[in-house]
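Heavy atoms only: backbone and side chains are in, while hydrogens, waters and symmetry mates are out.
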Amino acid sequence: MSEQQNTTTAGRKIIIVGGVAGGASCAARLRRLDETAEIVMLERGPYVSYANCGLPYHVGGVIEKESKLLVATEELFRERFAIDCRTRSEVVSINPAEKTVDVLNHATGGTTTERYDKLVLSPGAAPVRPPLPGIGLPGVFSVRTVPDAREIRGWIEKHQAKRAVVVGGGFIGLEMAENLVHRGLDVTVVEMLDQVMPPLDREVARKVEQHLTENGVRLALNDGVAGFEEADGALRVLTQSGAAHPADLIVLAIGVRPETALAKAAGLALGERGGIRVDAQMRTSDPDIFAVGDAVEVKDTVTGQWSLIPLAGPANRQGRIVADVIAGREAAFRGTQGTAVVGVFGLVVASTGASEKALKRAGIEDYEKIYLYPNSNASYYPGARMVTMKVLFRKSDGLLLGAQAVGERGVIERVNALAMAIQFGGTVYDLEESELCYAPQFGGAKDPVNFAGMIAADVLRGDMPIAHWTGEAPAFLLDVRDEDEVEEEPVPGAVNIPLNELRGRLSELPKDVGIQVSCRSGQRAYYATRILLQHGFDARNLSGGRLSRSMLTGD
């Protein structure tokens, strides 16, 4: 560390409000950068740093010991990092003018006042608990903290619970559903929207819904909760449609709301999404107060819009950035693209960048999409599984905008590669030229990432004009699958000419109307489209073939 950086924080007192990902990472890095600063970390709960992403798996018994969820203890911060770490210490007010905070000690009930030179807010977000009738009944739980998971486990064991209703079909809701099924419970997921996993586009979410149903989870979609009631020793979830779902246990996974009460009372600016507004250095409207984590609004790097992204990765990076800035280093948060993954009954669901519906909400019209269904690894090697992929890119220059993928194998590595491409402003042309690892047990000589780039680049170069299934019958639909495939899974209204017969049967096709070409996944339709275009036909490949049709139309 340079002498200049040493003197930047020498003798100064930095108070960090809240631990977990953002606050704890800030405290630890700040100590690594500066041995002289007085660092105080105040956490209102009993644990300063824990893995809240692991809570559903503790409920399900995958993570058996509660202690495994504790990332770092109060003692560790004190002994290893010389940080004054205090649990059960809640900051109840901030006085920016005096640069002080009032701290309530939940162990003693007393309140003290602490001064600061720099203040870092990492209050997190609280589970949404709408004021619905019966929401306070015993057996209705949220899952956000270690004690929450402990109470759910205890309730299941004490009451020998057999039926559970999970309210909310997002990340936590689906993870809880899976883990409750693993514990032997009969599970229903109630979701107000018409799909699970709201960040995904509807057609991709259908793949997840099908998998959930196949694993015994009942889905009640497009039906909001109206209230809860208890009768004859059992609970019931009442919905807006009039349905009643019986339960021995109810888990609320509706979402989270940024904890901004402290910031608002201190006069700090809030953003349009309700989070704390910060700049690229994570400073609030007060230059001596920083904020990180689930409570802050950040810029979406693809759409440019403000967003709330309650993910541990961005919170951790934000904490490190604040430590750098306080220590006098150059640092800035780039924004977020919402890269995320969830595993459900062996199915991996991942996404990065903007979804199609997010692009539409942002008013972005200059985009195209493709669907592809490559294998996770070489098809001749045992264990190959199909990966469902949707990739979005800018029509004008091929800039990669977003991707979603679903499959049993090979999903994370592909989405991670696409995430890096988005972060560095990569295009679909970069994807087709990417040099990626190849061995038959891991992928193919042309990786799914390469395939995505090649297909998208063909679209942009005009080599493969595409269309998308809409539910309306095309003017002329040509199915180039083999006859046995068509007989097994017919597409209504399609004219079947197998690809291998196409060149000899071109006279059967019209030249005065557009022809939309389909096969199982799009590859044979691409070959057919190339033939037709070079013989003067107006032809378009229906992206993703019959596999996309089943997703897009729900057929």
Side-chain angles (χ1 to χ4, degrees), residues 50-66 68-69 127 139-146 148-157 159-193 195-200 204-221 225 235 237 245-256 310-312 340-351 385 387-388 404-412 415:
Y50 61 91
N52 52 10
C53 295
L55 297 177
Y57 302 97
H58 181 48
V59 171
V62 177
I63 303 172
E64 184 58 41
K65 294 183 179 180
E66 184 180 284
K68 294 291 186 181
L69 297 170
V140 180
F141 297 95
S142 297
V143 53
R144 187 66 176 172
T145 66
V146 174
D148 291 339
R150 185 187 307 147
E151 289 179 9
I152 294 172
R153 283 170 60 101
W155 181 274
I156 292 172
E157 293 163 4
H159 295 272
Q160 295 297 297
K162 302 296 182 185
R163 302 167 299 179
V165 173
V166 177
V167 181
F171 289 91
I172 299 299
L174 297 193
E175 289 172 344
M176 284 301 304
E178 177 189 29
N179 280 280
L180 291 171
V181 168
H182 286 167
R183 291 205 58 154
L185 277 73
D186 185 39
V187 178
T188 299
V189 173
V190 177
E191 169 58 56
M192 181 175 64
L193 301 177
Q195 68 170 83
V196 299
M197 292 297 294
L200 298 180
V204 182
R206 281 196 175 104
K207 299 284 290 185
V208 185
E209 293 161 8
Q210 178 184 357
H211 191 73
L212 288 166
T213 301
E214 290 171 351
N215 282 274
V217 177
R218 281 190 296 275
L219 299 177
L221 304 177
V225 172
L235 295 165
V237 178
H245 301 281
D248 304 311
L249 167 77
I250 298 170
V251 177
L252 300 180
I254 303 172
V256 294
L311 295 173
V341 64
V342 66
V344 186
F345 298 107
L347 189 73
V348 181
V349 186
S351 63
R385 296 290 186 271
V387 179
T388 297
Q404 301 161 50
V406 180
E408 297 176 18
R409 296 184 59 184
V411 171
I412 292 179
V415 173

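- A heavy-atom distance below 4.5 Å is not found between the side chains of Val406 and Val387.
- Here CZ of Arg206 is found 9.0 Å from CD of Gln195. Values are rounded to the nearest 0.5 Å.
- Atom CD1 of Ile156 sits about 5.5 Å away from atom CG of Leu180, to the nearest 0.5 Å.
- Between Leu235 and Pro246 there is no side-chain heavy-atom pair separated by less than 4.5 Å.
- Taking the side chain as every heavy atom from C-beta outward, Phe141 and Asp148 never approach each other to under 4.5 Å.
- Residues Val165 and Val251 fail the side-chain proximity criterion, which asks for heavy atoms closer than 4.5 Å.
- Distance check: Ile250 CD1 to Ser142 OG gives 11.5 Å after rounding to the nearest 0.5 Å.
- The line from CG of Leu55 to CZ of Arg144 is 9.0 Å long, rounded to the nearest 0.5 Å.
- Here the straight-line distance linking atom CZ of Arg150 with atom NE2 of His58 works out to 7.5 Å at 0.5 Å rounding.
- Contact check for Leu212 versus Arg218: no side-chain heavy atoms found under the 4.5 Å cut-off.
- Side chain of Arg183 to main chain of Val59: a donor-acceptor pair is present (N/O by atom type, distance under 3.5 Å, no hydrogens or angles).
- For the pair Arg163 and Asp248, the salt-bridge criterion is met [side-chain N within less than 4.0 Å of a carboxylate O].
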Could you pull out every donor-acceptor pair under 3.5 Å between side chains of residues 167-179 and any protein atom, sequence neighbours left out?
{"unit_1": "Glu175", "atom_1": "OE2", "unit_2": "Tyr57", "atom_2": "OH", "d": "3.4"}
{"unit_1": "Glu178", "atom_1": "OE2", "unit_2": "Phe345", "atom_2": "N", "d": "2.7"}
{"unit_1": "Asn179", "atom_1": "ND2", "unit_2": "Pro56", "atom_2": "O", "d": "3.4"}
{"unit_1": "Asn179", "atom_1": "ND2", "unit_2": "Glu175", "atom_2": "O", "d": "2.8"}

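- Contact check for Leu200 versus Val349: side-chain heavy atoms found under the 4.5 Å cut-off.
- For Ala253 against Val166, the heavy-atom pair with the smallest separation is CB-CG1, 4.4 Å.
- Among all heavy-atom pairs drawn from Arg153 and Glu64, the shortest one is NH2-OE2, 3.0 Å.
- Using a 4.5 Å heavy-atom cutoff, the side chains of Leu185 and Leu249 are in contact.
- Gln210 and Glu214 are linked by a side-chain donor-acceptor pair at a separation below 3.5 angstrom, with hydrogens and angles left out of the test.
- Considering every non-hydrogen atom in both Gly54 and Ile63, the closest pair reads O-CD1, 3.8 Å.
- Asp186 is not listed as a side-chain neighbour of Lys162, based on a closest heavy-atom distance of 4.5 Å or more.
- Panel note: side chain His245, backbone Val237; no donor-acceptor pair is recorded below 3.5 Å.
- Checked by atom type and distance alone, the side chain of His211 pairs as donor or acceptor with a backbone atom of Val344 at under 3.5 Å.
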*Walk me through it: do Leu193 and Leu221 pass the test side-chain contact (heavy atoms from CB on, under 4.5 Å)?*
CA-CA 6 Å; Leu193 301 177; Leu221 304 177; over 6 Å; no
